[in-house]
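The block underneath contains the structure these notes are about, expressed in structure tokens.
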Number of protein chains: 2
Amino acid sequence: MLSKRSQYALKALGYLAFKFEQGPILISEISEKKKIPLKFLEGILLELKLAGILESKKGKGGGYYLAKHPGKVKVATVIRLVNGPIAMLPCVSLYFYQRCENCNEKKCALHDMMIEVRDATLNIVEKRTLIDLMES
Amino acid sequence: MLSKRSQYALKALGYLAFKFEQGPILISEISEKKKIPLKFLEGILLELKLAGILESKKGKGGGYYLAKHPGKVKVATVIRLVNGPIAMLPCVSLYFYQRCENCNEKKCALHDMMIEVRDATLNIVEKRTLIDLMES
DNA sequence: TGATTACCCTACCAAGAACATAGACTAATA
DNA sequence: TATTAGTCTATGTTCTTGGTAGGGTAATCA
């Protein structure tokens with residue numbers, strides 16, 4: 001399962017994609033529209049900014065906005081950033097790989113099955129961008 | 001990601017499938033062969049027994065063994081039992097469904113994408129059984 | 001200058017994950 | 001009948017997640 005944090009991140013980004021090139025959007029507006037606890041959202045947006053997905057402006061007329069075109073931000077990237085591995089096991093993760101101590105990967109049946117699951121998932125989330133999440 | 005507990009459960013069941021119809025297998029044997037902390041494994045096997053996947057025999061010559069043919073136990077069933085939902089979001093889960101408060105499912109873009117991911121995953125784990133995990 | 005807003009702390013709480021430890025109970029067998 | 005091999009049960013620790021609450025600083029605009 002995705003953490004609440006990731007779910008909120010995707011929802012917020014979907015909203016910011018919808019409001020793309022309409023100037024900075026208030027945290028409070030996103031919080032209300034997407035029903036996300038404000039203080040929690042604050043931290044999430046900051047993380048997305050530090051990762052280069054969002055930019056922000058302080059002061060009156062300030063807020064958050066997408067750093068690039070929504071079509072350039074893949075869903076997979078967001079999930080990996082906020083949630084971590086997409087794979088079901090560390091030993092089949094591309095970006096968060098960790099060796100299994102209790103099996104040798106060459107002939108681990110579980111390993112092979114989980115690679116299939118991973119690829120099936122990646123096939124979807126690597127192709128989708130924030131455009132596919134755009135929503136009021 | 002699958003929890004350690006689920007990973008261990010699948011490994012243990014793979015071993016018990018391999019030893020199918022060879023009498024009760026010691027927890028300690030599974031623990032050694034599959035490198036699973038013994039006491040942790042005890043709890044996992046007990047859970048699998050209570051769910052009807054395993055049976056056990058106490059006392060000398062005792063141990064755990066599969067309650068049914070390994071081909072009858074789906075990987076999906078084990079994951080749902082030990083790990084919980086297979087879907088990435090509660091609002092797209094078949095067995096652990098929970099409504100989203102912050103979107104209406106009819107037109108939630110995230111919802112639709114996650115249904116796709118779920119189906120791609122189910123397409124694999126619903127078709128595989130303990131036979132596919134059989135291993136020494 | 002003053003209001004607005006992002007940014008950045010600290011502290012707290014409750015629940016679950018991933019173990020580890022200790023011991024109680026049960027059944028076969030020598 | 002006593003021993004031993006084995007399951008079963010309960011508790012405790014440490015870490016992460018998902019929050020709540022509050023305060024303070026810095027940038028920006030009118």
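Reminder, nothing fancy here: chain letters follow the sequence lines and each chain counts from 1.
- Contact annotation for B:Leu45: no contact, since no heavy-atom pair falls under 4.0 Å across all strands.
- With rounding to whole Å, B:Glu29 atom CD is found 16 Å from D:dT7 atom C1'.
- Side-chain nitrogen and oxygen atoms of B:Ser56 include at least one within less than 4.0 Å of the OP1 or OP2 phosphate oxygen of D:dC8.
- Side-chain atoms of B:Val73 and B:Lys68, non-hydrogen and from C-beta on, do get closer than 4.5 Å to each other.
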Return the polar atom pairs (N/O with N/O) between nucleotides 27-30 of chain D and the protein under 3.5 Å, or none.
residue: D:dC29; atom: OP1; partner: A:Lys57; partner atom: NZ; Å: 2.7

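- Salt-bridge check for B:Lys107 with A:Glu135: failed, with every basic side-chain N at 4.0 Å or more from each acidic carboxylate O.
- A side-chain contact (heavy atoms from CB on, under 4.5 Å) with A:Leu2 is found for exactly one of A:Ile79, A:Ile86, A:Val82, namely A:Ile79.
- Here the side chains of A:Leu133 and A:Leu10 are in contact, with some heavy-atom distance below 4.5 Å.
- Contact annotation: B:Tyr64 reaches the phosphate of D:dC8 (side-chain N/O to OP1 or OP2, under 4.0 Å).
- Side-chain atoms of A:Asp119 never come within 3.5 Å of backbone atoms of A:Glu116 as a donor-acceptor pair (strictly under, hydrogens ignored).
- Spacing between atom CD1 of B:Ile27 and atom C1' of D:dA5 amounts to 11 Å, rounded to whole angstrom units.
- Relative to the side chain of A:Leu26, the nucleotides D:dG6, D:dT7, C:dA6 differ in distance, and C:dA6 lies closest.
- Ion pairing between B:Glu55 and B:Lys49 fails under the 4.0 Å rule for side-chain N and carboxylate O.
- For the pair A:Tyr65 OH and C:dT5 C1', the interatomic distance rounds to 14 Å; values are reported in whole Å.
- The residue among A:Gly62 and A:Glu42 whose nearest nucleotide of DNA chain C is located toward the 5' end is A:Gly62.
- Heavy atoms of B:Gly63 sit under 4.0 angstrom from primed sugar atoms or phosphate atoms, though from no base atom.
- Whole-Å rounding puts the B:Asn83 CG to C:dG16 C1' distance at 13 Å.
- One can place CG of B:Leu46 at 16 Å from P of C:dC25, the figure rounded to the nearest angstrom.
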Every protein N/O lying under 3.5 Å from an N/O of nucleotides 16-20 of chain D:
residue: D:dG18; atom: OP1; partner: A:Lys4; partner atom: N; Å: 3.0
residue: D:dG19; atom: OP2; partner: A:Tyr8; partner atom: OH; Å: 3.4

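- Taking atom NZ of residue B:Lys49 and atom P of nucleotide D:dG6, one finds them 16 Å apart after rounding to whole Å.
- Counting only distance, with no hydrogens or angles, the side chain of B:Asn83 and the backbone of B:Ser6 share no donor-acceptor pair below 3.5 Å.
- Side chains of B:Phe40 and B:Arg5 form a contact here, defined as non-hydrogen atoms less than 4.5 Å apart.
- Residue A:Ile25 contributes atom CD1, which lies 11 Å from atom P of C:dA6 at whole-angstrom precision.
- Taking 4.5 Å as the limit, some side-chain heavy atom of A:Cys108 sits within range of a side-chain heavy atom of B:Lys11.
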